[in-house]
Amino acid sequence: MAKITGGVVHTLPSDLRKALASDRKALAAWESLTPLSRNEWICWVISVKTAETRKNHVERVISELKEGMRRPCCWYGCVHRKDKPISRSVRWVLRRRNKKT
């Protein structure tokens, strides 16, 4: 299998790797992304709670890359990065999200 580039913090999960490898157009779009963009897509896929949602996210990565999207829509960014502080806007989203649960 060809090498598929991962993200900055996250390695490429096998389900997303398999989906990318099976779609030439999506893979070309993936490889054209910056490492930070790839990282956000990966984080968006792995940060879900159920297997069904994860499957849906993997499918959406493929379709949205083919539509020309460079980053996940409405995604506030990867909170797993340790090389920079979390921005004010992301802290606000996380606080708001925690109040709902």
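Source: prediction; values computed, not measured.
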- [ ] Measure the shortest side-chain to side-chain distance between E31 and I4 over non-hydrogen atoms and say whether it is less than 4.5 angstrom.
- [x] yes
Task: Exercise: identify the closest heavy-atom pair between G6 and R38 - done: O-NE, 2.7 Å
Task: Pair T34, R70: side-chain N/O donor-acceptor within cut-off below 3.5 Å - done: no
Open item on the list: When you group the ILVMFWY residues by side-chain heavy-atom contacts below 4.5 Å and let the links chain together, are V58 and V48 in the same group?
Closed with: no
TODO: Check C43 against S47 and note the closest heavy-atom contact, atom names and distance.
DONE: O-OG, 2.7 Å
Task: Evaluation steps, side-chain contact (heavy atoms from CB on, under 4.5 Å), between R60 and V45 - done: CA-CA 9 Å; R60 283 185 55 194; V45 166; over 6 Å; no
Task: Nearest atoms (heavy-atom pairs only) where N39 meets V8 - done: OD1-N, 3.2 Å
Task: Nearest-0.5 Å distance that lies between atom CZ in R71 and atom CD in E64 - done: 14.5 Å
- [ ] For residues P13 and R54, report the shortest heavy-atom separation together with the two atoms involved.
- [x] CB-NH2, 3.2 Å
Open item on the list: Closer than 3.5 angstrom, by distance alone: can the side chain of W30 be matched with the main-chain N or O of T5 as a donor-acceptor pair?
Closed with: yes
Task: Atom of S22, atom of A19 and distance for their closest heavy-atom approach - done: OG-O, 2.9 Å
Task: 4.5 Å side-chain heavy-atom contact, L65 and L20 - done: yes
Open item on the list: For a 4.5 angstrom cut-off between non-hydrogen side-chain atoms, does L16 reach H57?
Closed with: no
Task: Reported OG-to-CD distance for the pair S37 and E40, which is rounded to 0.5 angstrom - done: 6.5 Å
